[in-house]
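Take a look at the structure set out below.
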Amino acid sequence: RLRATLYRAGRRVWSAPVGVGKRSTPTPAGRFWIRERFAVPGRMLYGPYAFGTSAYSRLSDWPRGGVVGLHGTDEPWLVPGRPSHGCIRLRNRDIRWLARGQRLPIGTPLRIV
C-alpha cells in the first residue's frame with residue numbers, strides 16, 4: 001500500500017506515504033527491528049534523519065546486500081512510489097516526526113509487508 005504506520009499498544013498513532021524498492025532491488029518483507037538512529041547533517045539526499053534497520057536489501061555492490069534504512073529524501077515527488085534500492089523513503093516532515101523524542105526508539109519492531 002506504500003504506507004508506513006506506527007502503532008502504540010495496538011492503536012494506530014501515525015501513518016504516512018512511503019517510497020520503497022523498485023522491482024530490481026525490492027524492499028525485503030519480514031519482521032525486523034530498528035538498530036540505529038542518527039541525524040544526517042549537511043546534504044539532504046537522505047533527508048534530515050535516518051533509521052538503520054536489521055533488514056538487508058539485495059544491492060549487488062555490498063556483501064549480503066545493503067542495510068535497509070528509513071530515511072527522508074531530497075526528491076519528495078517520488079513518495080509514494082518505488083524509487084529506491086530497498087530503503088524506505090519518507091517525506092522529510094514525516095521522518096522528522098518519527099525522529100522526535102522516543103517515537104521510534106532502537107529496538108522497535110518493524111514489519112514490512
Side-chain angles (χ1 to χ4, degrees):
R1 296 184 200 194
L2 300 175
R3 288 201 74 77
T5 305
L6 180 64
Y7 293 90
R8 286 256 187 266
R11 216 175 115 229
R12 186 176 78 170
V13 296
W14 173 88
S15 184
V18 297
V20 296
K22 49 191 156 193
R23 284 181 197 230
S24 59
T25 53
T27 302
R31 294 181 182 271
F32 308 101
W33 64 91
I34 300 299
R35 292 186 337 169
E36 58 189 335
R37 171 187 176 222
F38 50 93
V40 182
R43 289 182 62 199
M44 295 298 282
L45 179 67
Y46 297 111
Y49 294 96
F51 294 87
T53 74
S54 62
Y56 283 84
S57 68
R58 289 194 273 163
L59 280 176
S60 60
D61 296 350
W62 297 89
R64 291 187 20 218
V67 171
V68 171
L70 289 136
H71 60 76
T73 182
D74 64 345
E75 300 175 310
W77 56 89
L78 297 177
V79 174
R82 298 181 183 280
S84 83
H85 289 101
C87 285
I88 300 167
R89 292 186 189 188
L90 294 111
R91 295 174 300 194
N92 289 341
R93 72 174 182 237
D94 294 323
I95 200 72
R96 279 187 192 100
W97 190 91
L98 285 174
R100 272 189 229 124
Q102 288 296 312
R103 291 180 173 156
L104 201 61
I106 292 172
T108 298
L110 171 67
R111 188 171 132 206
I112 302 173
V113 292

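Keep in mind it's a predicted model, so treat the numbers as computed, not measured.
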>> Restricting to ring-ring contact (aromatic ring centres under 6.0 Å, His included), what partner residues turn up for W33, sequence neighbours left out?
In response: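 Residues passing ring-ring contact (aromatic ring centres under 6.0 Å, His included) with W33: none at all.
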
On a heavy-atom basis, which atom in [X] and which in [Y] lie closest, and how many Å separate them?
{"X": "G52", "Y": "V67", "value": "CA-CG1, 4.4 Å"}
{"X": "K22", "Y": "H85", "value": "NZ-NE2, 3.9 Å"}
{"X": "S84", "Y": "G86", "value": "OG-N, 3.0 Å"}
{"X": "Y49", "Y": "A99", "value": "CG-CB, 3.5 Å"}
{"X": "N92", "Y": "G72", "value": "OD1-CA, 3.2 Å"}
{"X": "P28", "Y": "S57", "value": "CD-CA, 4.5 Å"}

> Nearest 0.5 Å, what's the CG-CD distance between L104 and Q102?
Replying inline: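 The CD atom of Q102 is 9.5 Å from CG of L104, to the nearest 0.5 Å.
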
> Rounded to the nearest 0.5 Å, how far apart are CZ of F51 and CD1 of I88?
Replying inline: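 If I round to the nearest 0.5 Å, the distance is 12.0 Å.
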
>> Any heavy-atom pair between the side chains of P80 and R3 that's under 4.5 Å?
In response: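 Sidechains of P80 and R3: no contact.
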
> Taking a hydrophobic cluster as the set of Ile, Leu, Val, Met, Phe, Trp and Tyr residues connected by side-chain heavy atoms closer than 4.5 Å, whether directly or through intermediates, do L90 and V40 fall within one such cluster?
Replying inline: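 Looking at the clustering, V40 is in a separate group from L90.
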
> Are I95 and Y46 co-members of a hydrophobic cluster defined by side-chain heavy atoms under 4.5 Å apart?
Replying inline: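 No, Y46 does not connect to I95 through the hydrophobic network.
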
[atom1] ([X]) with more than 12 external heavy atoms under 6.0 Å:
{"X": "R11", "atom1": "CZ", "value": "no"}
{"X": "R1", "atom1": "CZ", "value": "no"}
{"X": "R111", "atom1": "CZ", "value": "no"}
{"X": "R37", "atom1": "CZ", "value": "yes"}

> Does any N or O in the side chain of S54 come within less than 3.5 Å of the main-chain N or O of R35, such that one atom is a donor and the other an acceptor?
Replying inline: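 Here the side-chain-to-backbone pair does not exist.
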
> Donor-acceptor pair, R103 side chain versus W97 backbone, under 3.5 Å?
Replying inline: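 Yes; at least one donor-acceptor contact below 3.5 Å.
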
With sequence neighbours excluded, what pairs up with [X] under the side chain to side chain contact (heavy atoms under 4.5 Å, CB included) test?
{"X": "R12", "result": "T5, Y7, S15"}
{"X": "R23", "result": "none"}
{"X": "T53", "result": "I34, A55, V68, L70, L110"}

>> Using the rule given for side-chain contact (heavy atoms from CB on, under 4.5 Å), can you reason through R82 versus L2, listing the C-alpha separation, both sets of side-chain angles and the distance that settles it, and then say yes or no?
In response: CA-CA 8 Å; R82 298 181 183 280; L2 300 175; 4.2 Å; yes

> Which is it for W14 and L98 under the side-chain contact (heavy atoms from CB on, under 4.5 Å) test, yes or no, and what are the steps along the way?
Replying inline: CA-CA 9 Å; W14 173 88; L98 285 174; 3.7 Å; yes

>> Strictly by side chain to side chain donor-acceptor pair (under 3.5 Å), give each pair with a member in residues 70-81 just once, sequence neighbours left out.
In response: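 Residue pairs passing side chain to side chain donor-acceptor pair (under 3.5 Å), neighbours aside: E75-R89.
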
> Apart from V79 itself, what residues make up its hydrophobic cluster, given side-chain heavy atom links below 4.5 Å?
Replying inline: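 ILVMFWY cluster around V79 holds nothing else.
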
